[in-house]
Amino acid sequence: MTWRDNLPDVRGKLLLNEPLAPFTWFRVGGNAEALFIPADAHDLADFLKALDPSVPVTVLGVGSNVIVRDGGVEGVVIRLAGRPWAQITTDGDTITAGAGALDSMVAKASAKAGLAGLEFYAGIPGTIGGALTMNAGCYGSETKDVLVSAWGLNRKGERIDYGLADFGYTYRHSQAPADILWVEATYRGTPDAPEAVAARIGEITSRRETTQPIREKTGGSTFKNPPGHSSWKLVDEAGWRGKLHAETGGGAMFSDLHSNFMINPGEATAADIEGLGEAVRADVLAKTGIQLEWEIKRIGRAT
């Protein structure tokens, strides 16, 4: 008997040996030993309280910034999906969003409410849970610029409340414990005309559509920008823009449109995609002395 034979009762969905590739933008990767889609925060809290603390837990949003390795993911993968996790409400100059809410939908809600400051979320292809974890940002703005507070659950199913200062945010990094499963976040915007906010969101959306391969199987920005440098420029100058990676049989490449976006143009495996990223990191380091750091999260077993 294993831990999978003694899983807690749930009100949501609990699936064993479930393929994860359909839940990621790259459309690659192995299975989750168990996949849990909780009905709501109470369902999640009860599950965590009852789950054997030795079982690994991994949180997955919309899979926009992740590579699930081909060997699958040990333990329980928790996917925060569906209406209970995507609710967005406004109150005065604040917006509260569930961890499963798309960043772009939060931006649209801010326009409807006439609140400026969250327009940049229209350019981030992920959910609020991921934005909290990595201080997501683009076009000169970051999560830390607008976040007021957030709350989540620890591995014991206990509620944890965080104010902005508690996150200790730096570039694409938070000092919050990695085992907190974020449930909800509250932001503060600046009152502005709804049409003006919507116009700025439209500009961001248009810019993204013309400069990023958003209709490809991709994972967003591959590498963080090193201090004083742009990752896309380093990748481009090293000769990797639009170049098929020979060692993966042509199964992965950096986009012609944006050289910091890897794409899966056909039937690449997770190993192909991660292997390309590592090859580019090694090449850029050899040519420039600059070490690129992954922005895409890689989870699971290689084989």
Side-chain angles (χ1 to χ4, degrees), residues 2-20 22-24 31-64 66 73-92 94-106 109 113 121 126-134 136 143 147-164 166-167 174 176-188 297 299:
T2 69
W3 60 267
R4 287 188 291 181
D5 298 309
N6 194 34
L7 286 168
D9 292 331
V10 300
R11 288 182 289 109
K13 294 181 180 179
L14 185 54
L15 308 168
L16 298 181
N17 199 35
E18 185 70 9
L20 292 176
F23 299 117
T24 73
N31 297 353
E33 289 189 310
L35 175 66
F36 177 39
I37 304 175
D40 51 38
H42 295 295
D43 193 27
L44 176 57
D46 290 342
F47 178 83
L48 292 171
K49 289 174 184 175
L51 183 66
D52 183 335
S54 68
V55 177
V57 168
T58 303
V59 179
L60 185 67
V62 291
S64 61
V66 65
V73 182
E74 293 180 283
V76 179
V77 174
I78 297 176
R79 186 166 187 259
L80 306 182
R83 182 173 295 180
W85 299 99
Q87 291 183 344
I88 304 170
T89 60
T90 58
D91 182 12
T94 64
I95 295 178
T96 298
L102 291 173
D103 300 328
S104 60
M105 296 304 295
V106 174
Y121 266 161
T127 58
I128 292 302
L132 291 172
T133 300
M134 65 177 294
T143 295
L147 182 68
V148 175
S149 62
W151 71 273
L153 300 167
N154 64 17
R155 274 300 306 268
K156 297 179 181 179
E158 301 167 333
R159 175 169 172 153
I160 305 292
D161 287 273
Y162 260 54
L164 172 60
D166 298 321
F167 281 91
S174 163
D179 65 348
I180 296 180
L181 287 77
W182 299 111
V183 173
E184 194 174 72
T186 297
Y187 301 87
R188 177 166 287 114
K297 187 176 182 181
I299 61 175

Between Met105 and Ile88, is the side chain to side chain contact (heavy atoms under 4.5 Å, CB included) condition met? List the steps. CA-CA 8 Å; Met105 296 304 295; Ile88 304 170; 3.9 Å; yes

Flag yes if more than 12 heavy atoms outside Asp9 fall under 6.0 Å of its CG atom; otherwise flag no.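 No - once you tally the heavy atoms of other residues, nucleotides and ligands closer than 6.0 Å, there are 12 at most.
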
Atom CG of Asp91 with >12 non-hydrogen neighbours under 6.0 angstrom: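 No.
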
With rounding to the nearest 0.5 Å, note down the distance linking [atom1] in [X] to [atom2] in [Y].
X      : Y      : atom1 : atom2 : answer
Tyr121 : Ile95  : OH    : CD1   : 10.5 Å
Ser64  : Asp103 : OG    : CG    : 7.5 Å
Leu153 : Glu158 : CG    : CD    : 9.5 Å
Ser149 : Tyr187 : OG    : OH    : 10.0 Å
Lys156 : Asp179 : NZ    : CG    : 10.0 Å
Arg155 : Leu48  : CZ    : CG    : 6.5 Å

How close do [X] and [Y] get, counting heavy atoms only, and between which atoms?
X      : Y      : answer
Ala34  : Leu16  : CB-CD2, 3.9 Å
Thr90  : Ala113 : CG2-CB, 3.8 Å
Val77  : Ala32  : CG2-CB, 3.7 Å
Asp161 : Asp166 : O-OD2, 4.4 Å
Ala97  : Val106 : CB-CG2, 3.8 Å
Leu132 : Ala150 : CD1-CB, 4.0 Å

Sole residue of Leu44, Ile128, Ile37, Thr127 in side chain to side chain contact (heavy atoms under 4.5 Å, CB included) with Trp85: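 When side chain to side chain contact (heavy atoms under 4.5 Å, CB included) is applied between Trp85 and each of Leu44, Ile128, Ile37, Thr127, only Leu44 qualifies.
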
With a 4.5 Å limit on heavy-atom distance, are the side chains of [X] and [Y] in contact?
X     : Y      : result
Val62 : Leu102 : yes
Leu80 : Pro38  : yes
Asp5  : Trp3   : no
Val73 : Leu20  : yes
Lys13 : Phe36  : no

Mind checking whether Tyr162 and Phe167 have parallel, tilted or perpendicular rings, split at 30° and 60°?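 Ring orientation of Tyr162 relative to Phe167: perpendicular.
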
Main chain of [Y], side chain of [X]: is a donor-acceptor contact present, judged purely on distance under 3.5 Å?
X      : Y      : value
Thr133 : Gly129 : yes
Glu18  : Leu35  : no
Asp43  : Ala39  : yes

Please walk me through it: do Val66 and Leu60 pass side chain to side chain contact (heavy atoms under 4.5 Å, CB included)? CA-CA 9 Å; Val66 65; Leu60 185 67; 3.9 Å; yes

Applying side chain to side chain contact (heavy atoms under 4.5 Å, CB included) to Leu51 and Val57, what does each step give before you reach the verdict? CA-CA 10 Å; Leu51 183 66; Val57 168; 3.7 Å; yes

Taking side-chain hydrogen bond (donor to acceptor under 3.5 Å, both in side chains) as the test, write out the residues that go with Thr186, two or more places apart.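 Counting only residues at least two positions away or on another chain, Thr186 forms a side-chain hydrogen bond (donor to acceptor under 3.5 Å, both in side chains) with Thr96.
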
Run the salt-bridge test on Asp40 and Arg11 with the 4.0 Å N-O cut-off and return the result as yes or no.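 So Asp40 pairs with Arg11 through a salt bridge.
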
Give the intermediate values and the outcome of side chain to side chain contact (heavy atoms under 4.5 Å, CB included) for residues Ile78 and Thr58. CA-CA 6 Å; Ile78 297 176; Thr58 303; over 6 Å; no

